[in-house]
Amino acid sequence: MNKRKIAIFGSTGSIGIQALDVIAAHPDRFCVEVLTAQNNADLLIEQALKFKPNAVVIGNEEKYKQVKDVLFDKGIKVFAGAKSMVEVAAWNSIDMMLAAIMGFAGLAPTMAAIEQGTAIALANKETLVCAGDIVMAAAARRNVPIIPVDSEHSAIFQCLLGEPLSKLEKVILTASGGPFLGKKPNFLINVKKDHALQHPNWSMGAKITIDSATLMNKGLEMIEAKWLFGLKPEDIEVVIHPQSIIHSMVQFVDGSLKAQMGLPDMKLPIQYALGFPDRLQNDFPRFSFRNYSSLTFEQPDTKTFRNLAIAIEAMYKGGNAACVMNAANEEVVNAFLKNRIGFLQMTEVIEETMAKIPFVETPSLNDYYECDTAAREHASSLINSIVI
């Protein structure tokens with residue numbers, strides 16, 4: 001069997017690091033063709049020396065020399081900058097791209113890979129949140145498979161295998177509720193980043209962990225599910241499931257429910273996507289009902305965690321609404337992580353930005369880029385005016 005050549009776009013982030021662990025555990029199935037990072041040159045170099053890819057890309061051009069000085073003599077091609085990121089994504093030597101670049105920045109490389117006809121293991125939900133109509137149309141035109149890596153969407157994907165989509169009634173995305181489940185605004189107003197970064201179940205990067213704390217992540221996942229599976233907004237629900245054992249569920253027209261279950265470990269959906277359609281053996285810890293006396297469920301509190309309600313509204317509205325919301329959210333999360341804005345103020349900035357940026361009902365790809373820029377600029381100006 002030929003090894004599948006994997007390009008990991010975002011190799012120094014949480015998903016990228018865990019993906020390399022999966023690849024290392026299956027050297028007979030995978031090899032690394034490309035690694036990319038934005039700023040973490042030291043880790044990128046370490047990864048490249050271990051996995052010996054054909055090429056690496058460092059997004060921060062100021063770190064090009066540092067990377068090249070170490071890797072050039074090792075026979076590894078070194079590139080730098082956003083343009084190179086897109087150009088390398090279009091290489092025909094890549095069998096599958098793991099799209100794990102954080103945020104809107106992942107859109108252009110992913111589109112380049114799709115246009116080349118490369119299979120996508122999608123860990124970057126913002127790509128579909130911001131331009132899902134265009135991305136999925138391109139994938140259909142080029143007959144490119146998009147295999148979800150998010151645990152929730154991987155669960156839905158697995159539950160739908162062998163099932164006609166016409167028999168699907170709804171999907172139910174599960175959410176842990178994050179570290180502040182059950183808390184009210186009088187508590188959240190004083191929350192700091194260190195507390196918000198303490199997710200009860202999952203080990204993730206800082207941005208997605210904050211999004212989980214605000215429930216924005218679940219809103220983004222609803223929009224992603226809409227595009228991935230061709231769903232209507234009313235066919236997507238969210239339920240709080242604090243134990244994170246059921247990763248999501250699908251309900252069919254006869255009332256039957258399918259659920260995908262397992263311990264909260266991102267290596268499992270990563271491995272599933274990289275190996276699809278095969279299931280690969282591993283030595284990951286196994287779930288046992290003996291260790292869980294109960295699995296519980298409750299409705300999300302959208303009055304306290306308004307980001308989820310905002311995302312649902314954007315999903316129904318369509319057009320560029322979700323793209324504007326995502327841009328503002330990326331800006332406020334970055335500001336919160338730098339202690340420049342309060343926890344509840346993040347929602348206020350997102351709402352004000354969405355009210356300010358003009359609505360475009362049928363955006364082009366260029367429209368998405370323009371409204372992303374405009375939303376970031378407006379959100380940044382609001383953040384700069386805040387004193388905490």
Side-chain angles (χ1 to χ4, degrees), residues 99 106-107 110-111 114 120-175 211-212 215-241 246-261 269 272-273 276 297 299-300 302 307-326 329 361-363 368:
L107 174 59
T110 303
M111 282 294 293
I114 290 172
I120 306 295
L122 187 66
N124 170 284
K125 61 178 65 67
E126 292 87 353
T127 290
L128 293 187
V129 168
C130 295
D133 52 345
I134 291 175
V135 173
M136 294 307 292
R141 185 178 69 251
R142 297 288 292 143
N143 197 28
V144 168
I146 296 183
I147 314 300
V149 171
D150 270 355
S151 63
E152 295 82 0
H153 302 89
S154 177
I156 295 167
F157 184 86
Q158 293 178 60
C159 289
L160 288 175
L161 288 178
E163 300 282 359
L165 284 176
S166 62
K167 301 302 181 181
L168 184 151
E169 189 168 272
K170 66 179 177 179
V171 300
I172 304 168
L173 296 168
T174 56
D211 281 347
S212 295
L215 290 194
M216 175 59 84
N217 188 55
K218 207 52 50 179
L220 298 177
E221 288 176 359
M222 293 180 76
I223 299 169
E224 181 183 7
K226 169 189 169 184
W227 294 116
L228 264 177
F229 305 111
L231 303 173
K232 299 175 182 177
E234 57 267 27
D235 296 335
I236 309 167
E237 291 185 8
V238 169
V239 64
I240 301 297
H241 169 49
I246 294 178
H247 298 303
S248 278
M249 295 171 274
V250 174
Q251 182 170 298
F252 297 96
V253 293
D254 61 355
S256 297
L257 278 170
K258 274 190 179 181
Q260 189 266 334
M261 303 172 65
Y272 183 81
F276 184 81
F297 307 90
Q299 291 301 305
T302 54
N307 279 3
L308 178 55
I310 292 170
I312 292 171
E313 180 183 345
M315 177 175 64
Y316 274 90
K317 189 172 183 180
N320 68 333
C323 185
V324 171
M325 177 194 72
N326 178 76
N329 182 63
E361 187 171 359
T362 310
Y368 283 126

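- In this structure, the side chains of L257 and I172 come closer than 4.5 Å at one or more pairs of heavy atoms.
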Exercise answer: donor-acceptor pairs, residues 128-146 side-chain atoms, under 3.5 Å, sequence neighbours excluded:
unit_1 : atom_1 : unit_2 : atom_2 : d
D133   : OD1    : Y368   : OH     : 3.0
D133   : OD2    : Y368   : OH     : 3.2
R141   : NH2    : E115   : OE1    : 3.1
R141   : NH2    : E115   : OE2    : 2.6
R142   : NE     : E115   : O      : 2.8
R142   : NH2    : E115   : O      : 3.1
R142   : NH2    : Q116   : O      : 3.3

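- A distance of 12.0 Å separates CG in L308 from CG in D211, rounded to the nearest 0.5 Å.
- Residues passing the salt bridge (Lys or Arg N to Asp or Glu O under 4.0 Å) test with K170 are E237, sequence neighbours excluded.
- Nearest approach of I223 to A311, heavy atoms of both residues: CD1-O, 3.8 Å.
- Among residue pairs with one or both ends in residues 246-261, those qualifying as salt bridge (charged side-chain N to carboxylate O under 4.0 Å, His left out) are E163-K258; sequence neighbours excluded.
- For the pair S256 (side chain) and F252 (backbone), a donor-acceptor distance under 3.5 Å is absent.
- When side chains are defined from C-beta on, D235 does not count as touching F229, because their heavy atoms never get closer than 4.5 Å.
- Nearest heavy-atom pair across T174 and S248 is N-OG, 3.5 Å.
- With values rounded to the nearest 0.5 angstrom, I114 atom CD1 is found 5.0 Å from I120 atom CD1.
- With rounding to the nearest 0.5 angstrom, the CG atom of L220 is 9.5 Å from the OG atom of S212.
- Distance alone, capped at 3.5 Å, places no donor-acceptor pair between the S154 side chain and the V149 backbone.
- Legend: residues meeting ring-ring contact (aromatic ring centres under 6.0 Å, His included) with Y316, ordered by chain and number and at least two apart, are absent.
- Within the structure, side chain to side chain donor-acceptor pair (under 3.5 Å) pairs that include any residue of residues 224-234 comprise H153-E224 (at least two apart or interchain).
- By the 4.5 Å heavy-atom criterion applied to side chains, P148 and L122 are not counted as neighbours.
- Here the CG atom belonging to N329 is positioned 9.0 Å from the CD1 atom belonging to I310, to the nearest 0.5 angstrom.
- You'll find the side chain of L107 stays beyond 4.5 Å of the side chain of E126, heavy atoms only.
- Residue H247 comes nearest to S151 through the heavy atom pair CB-O, 3.8 Å, listed as atom of the first residue, atom of the second, then distance.
- With a 4.5 Å cut-off on side-chain heavy atoms, I156 and L173 count as touching.
- Residues V238 and E221 fail the side-chain proximity criterion, which asks for heavy atoms closer than 4.5 Å.
- When side chains are defined from C-beta on, N217 counts as touching K125, because their heavy atoms get closer than 4.5 Å.
- Under the ring-ring contact (aromatic ring centres under 6.0 Å, His included) criterion, F276 pairs with F157, Y272, sequence neighbours left out.
- In this structure, the side chains of E152 and K218 come closer than 4.5 Å at one or more pairs of heavy atoms.
- Atom CG of L160 and atom NZ of K167 lie 14.5 Å apart (nearest 0.5 Å).
- Interatomic distance, E169 CD to Q251 CD, rounded to the nearest 0.5 Å: 4.5 Å.
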